[in-house]
Amino acid sequence: MSLVPLVRKHHLAVRLATATAGAIIASTAVSAPAEAATPPLRDPGVVAHFDRPNGQVAESIVVEPDGSADVGLILSRQVAHVSPRGRVEVLATMPLPADGGVHTPTTGAASVTGIERTEDGTLYFLYSAGDEHLTGLWKLRPGGTPVRIAALPAASFANGLARDDRTGNFYITDSTQGKVWRVRPNSGTATVWADGPDLDPIDFFGANGVKVHNGAVWVSNIDHGTIVRIPLTGRGTLGKSGKPQIRATGLDSVDDFAFTGRGDQLLAALNIPSKVVLITPGRPARTVLDQSDGLQNTTSVAVVKDANANTDTDNSTDNNTTVYVTSGALTTGGDANLLTARLDRQ
C-alpha cells in the first residue's frame with residue numbers, strides 16, 4: 001500500500017497550521033522558548049519501538065492498571081499491547097475492504113485510530129476504511145476477535161475516541177466531516193452530538209483528539225490549531241451539546257492531548273513539530289518534550305497516576321505520575337515509538 005497520499009496530506013497540514021512558538025489558553029502572553037524535557041517533566045525515555053517499515057504508525061494509547069499500554073497502529077491496521085518491559089504484541093489486525101482502503105476519506109489508507117479501555121479489560125477502538133461495512137466503533141474482548149458495535153458513514157474518518165465514565169457514552173471525532181459522534185452504551189447507534197465551524201477541517205482534518213473532562217467534551221482541531229471545550233449540559237447529556245468555547249489556540253498540527261490532574265492544565269501532542277507542550281490556564285505555554293527526547297511526529301498523550309500515588313488531595317500531581325507519549329514517525333520516516341516521562345508536583 002502506497003503511503004504517498006497520506007504523507008502528502010500531512011505536509012499540507014503543516015502549511016495550513018498556524019505557525020507559532022506555542023499555545024496559550026484564554027489569550028494570555030507569548031509562549032516561552034522551547035526546552036527539551038522541561039520541568040515538570042523529567043526522566044524521559046523510549047520504552048518501546050514499533051515496526052514503522054511495516055506500517056506500525058503509533059496513533060493512540062490507553063494505559064492499563066499494571067502500567068502496560070494498548071496502542072492503535074494506523075497503517076498496519078492493528079491494535080497492539082505493550083508490556084511494562086516494552087514487548088509489543090499484536091492483539092488484532094483489521095481486514096482491508098475490497099478496494100484495499102483507497103477510498104478511505106482524505107488519506108486513501110484504511111486506519112486504526114482512537115482507543116479506549118473499560119475496567120473488564122475490553123478494548124474499544126476506531127477503524128476507518130471508506131467502507132460502510134467496516135468504518136465505525138469496534139470492541140475487542142480479552143482473547144477475542146474484533147466486533148463492530150456502531151457503524152459510521154463511509155465518508156467519515158473516525159479519529160479520536162473518549163469514554164465518559166459516568167454515563168458510559170463514547171464520543172468520537174470525525175475529522176473529515178467536522179463532527180463529534182456519540183454512542184450510548186449498548187445502543188449500537190452513532191448519533192451526531194456536536195458539529196459546526198469550530199470542528200470543521202480547512203483542507204485536511206478538523207476535529208481530532210477528544211477527552212471528557214470537568215463537565216465537558218474537549219476536542220482538538222488539527223487544521224485550526226485549537227482546543228475546544230464543549231459543555232456537557234443537561235441538554236447536552238440527553239441530546240445536542242452545549243455551546244463550544246475555544247480554550248487554546250496556536251497549536252501547530254495539534255493531535256491528541258491529556259489533562260495532568262491539575263484543573264484544566266493539559267499536555268498536547270504537536271504532530272509535525274514533534275513536540276509535547278504544557279498548557280496551563282493563564283500562563284505561557286512551554287515545550288516540555290521534543291525531538292531530542294525521541295519524539296517523531298507526536299500523536300497521543302496519556303497521563304496516569306500510579307496505583308501507590310497519594311490520593312488524599314484532588315486535582316494535584318505528585319512524583320508517582322507517569323506521562324505516556326506515542327510517536328508515529330509518519331512523515332519523518334524514523335522511529336515510531338512509545339516514550340514515558342515522570343510528571344512532578346509543580
Q. Any donor-acceptor pair under 3.5 Å linking the side chain of N159 with the backbone of D174?
A. no
(Q) Could you tell me if T326 and S300 have a donor-acceptor pair between their side chains, going purely by distance under 3.5 Å? (A) yes
Q) So, does R148 use its side chain to make a donor-acceptor pair with the main chain of G136 at under 3.5 Å? A) no
Q) For the side chain of T122 and the backbone of R141, is there at least one donor-acceptor N/O pair under 3.5 Å apart? A) no
Q.
Contact between D198 and I246 at the side-chain level, heavy atoms closer than 4.5 Å - yes or no?
A. yes
Q) Will you find, in the side chains of H49 and D335, an N or O donor that is under 3.5 Å from an N or O acceptor? A) yes
Q. Does the side chain of N214 pick up a donor-acceptor pair with the side chain of D264 at under 3.5 Å?
A. yes
Q.
Just so I know, are the side chains of E59 and D255 near enough to count as touching, which here means a heavy-atom distance under 4.5 Å?
A. yes
**Q.** Check: D70/H81 side-chain N/O donor and acceptor closer than 3.5 Å
**A.** yes
Q. Got a donor-acceptor contact below 3.5 angstrom from the S327 side chain to the Q296 backbone?
A. yes
Q. Looking only at side chains, do D164 and N169 share a donor and an acceptor under 3.5 Å apart?
A. no
Q) Which residue, Y124, W181, W193, forms the ring-ring contact (aromatic ring centres under 6.0 Å, His included) with Y171? A) W193
(Q) Return the OG1 to CD distance between T106 and Q177, rounded to the nearest 0.5 Å. (A) 10.0 Å
**Q.** Atom of A336, atom of A58 and distance for their closest heavy-atom approach
**A.** CB-N, 4.4 Å
(Q) Within this structure, what is the OG-CD distance for the pair S76 and Q56, rounded to the nearest 0.5 Å? (A) 4.5 Å
Q. Is the backbone N or O of A158 less than 3.5 Å from a side-chain atom of S156, with the two atoms forming a donor-acceptor pair by type?
A. no
Q. Within a strict 4.5 Å, meaning less than it, do heavy atoms of the L73 and V57 side chains meet?
A. no
Q) Within the side chain of T135, is there an N or O that forms a donor-acceptor pair under 3.5 Å with the backbone of L152? A) no
(Q) Do the side chains of D165 and R163 get close enough for a salt bridge, i.e. N-O under 4.0 angstrom? (A) yes
Q) Linking I/L/V/M/F/W/Y whenever any side-chain heavy atoms sit under 4.5 Å apart, do V88 and L338 land together? A) yes
Q) Would a hydrophobic clustering, with Ile, Leu, Val, Met, Phe, Trp and Tyr connected at side-chain separations under 4.5 Å, put L140 with V62? A) yes
Q. Taking the side chain as C-beta and beyond, is there a heavy-atom pair between I172 and V210 under 4.5 Å?
A. no
Q.
For the NE2 atom of H224 and the CG atom of N208, what is their distance to the nearest 0.5 Å?
A. 12.0 Å
Q: Please answer whether the main-chain N or O of K275 pairs with a side-chain N or O of T298 as donor and acceptor at a distance below 3.5 Å.
A: yes
Q.
For the OG1 atom of T321 and the NZ atom of K305, what is their distance to the nearest 0.5 Å?
A. 5.0 Å
Q: Let me see the working for T322 and V63 under side chain to side chain contact (heavy atoms under 4.5 Å, CB included), right down to the final yes or no.
A: CA-CA 10 Å; T322 303; V63 182; over 6 Å; no
(Q) Could you check whether Q265 and T280, counting side-chain N and O atoms only, form a donor-acceptor pair closer than 3.5 Å? (A) yes
Q) How long is the gap from OG on S220 to CZ on R247, to the nearest 0.5 Å? A) 15.0 Å
Q) Do T331 and N297 have side-chain atoms, one donor and one acceptor, less than 3.5 Å apart? A) yes
Q: Check whether any side-chain N or O of N337 sits under 3.5 Å from a backbone N or O of G294 as a donor-acceptor pair, and report yes or no.
A: yes
Q.
Quick check: do F205 and T176 have side-chain heavy atoms less than 4.5 Å from each other?
A. yes
Q: In sequence, state the C-alpha distance, the side-chain angles, and the governing distance for V112 and W138, and then conclude on side chain to side chain contact (heavy atoms under 4.5 Å, CB included).
A: CA-CA 10 Å; V112 167; W138 293 69; over 6 Å; no
Q | Atom pair CE/OG of M94 and S128 - distance to nearest 0.5 Å | A | 10.0 Å
**Q.** ILVMFWY cluster, F259 and I279 together (side-chain gap under 4.5 Å)
**A.** yes
Q: Could you pull out the closest heavy-atom pair between G86 and A48, with the gap in Å?
A: O-CB, 3.7 Å
Q: Compare all side-chain heavy atoms of S241 with those of R182 and state whether any distance is below 4.5 angstrom.
A: no
Q | Test item: Y127 and P146 side chains (from C-beta on) under 4.5 Å apart, heavy atoms | A | no
Q) Going by the side chain to side chain donor-acceptor pair (under 3.5 Å) test, which pairs reach into residues 85-94, not counting sequence neighbours? A) Q78-T93
Q: Answer yes or no: does atom CG of D66 have more than 12 heavy-atom neighbours from other residues, nucleotides or ligands under 6.0 Å?
A: yes
Q: Could you pull out the closest heavy-atom pair between A269 and T299, with the gap in Å?
A: CB-C, 3.9 Å
Q) Closest approach of G101 and T104, non-hydrogen atoms and distance? A) O-OG1, 2.7 Å
Q. How far apart are the closest heavy atoms of V254 and A268, and which atoms are they?
A. CG2-CB, 4.3 Å
Q) Quick one: is the NZ or CZ of K211 closer than 6.0 Å to the six-membered ring centre of F257, and within 45° of its axis? A) yes
Q | Connected via hydrophobic side-chain network under 4.5 Å: V276 and L339 | A | yes
Q | Test log, rule side chain to side chain contact (heavy atoms under 4.5 Å, CB included), inputs V180 and V219 | A | CA-CA 9 Å; V180 176; V219 179; 4.0 Å; yes
Q. Yes or no on side chain to side chain contact (heavy atoms under 4.5 Å, CB included) for V323 and L267, after CA distance, side-chain angles and deciding distance?
A. CA-CA 9 Å; V323 176; L267 293 163; 3.9 Å; yes
(Q) Do L137 and F125 make a side-chain contact, defined as non-hydrogen atoms from C-beta onward lying under 4.5 Å apart? (A) no
Q: Measure from the side-chain N and O atoms of T332 to the backbone N and O of G334, and report whether any donor-acceptor pair falls under 3.5 Å.
A: yes
Q: Compare every heavy atom of D256 with every heavy atom of G209, then report the nearest pair and how far apart it is.
A: CA-OD1, 4.1 Å
Q.
Please enumerate all residues that pass salt bridge (Lys or Arg N to Asp or Glu O under 4.0 Å) together with E64, with sequence neighbours excluded.
A. R117
(Q) Whether the side chain of S60 engages the backbone of V71 through a donor-acceptor N/O pair (distance < 3.5 Å, no angle test) should be reported. (A) no
Q. Does L343 share a hydrophobic cluster with V47, counting links as ILVMFWY side-chain heavy atoms below 4.5 Å and allowing steps through other members?
A. no
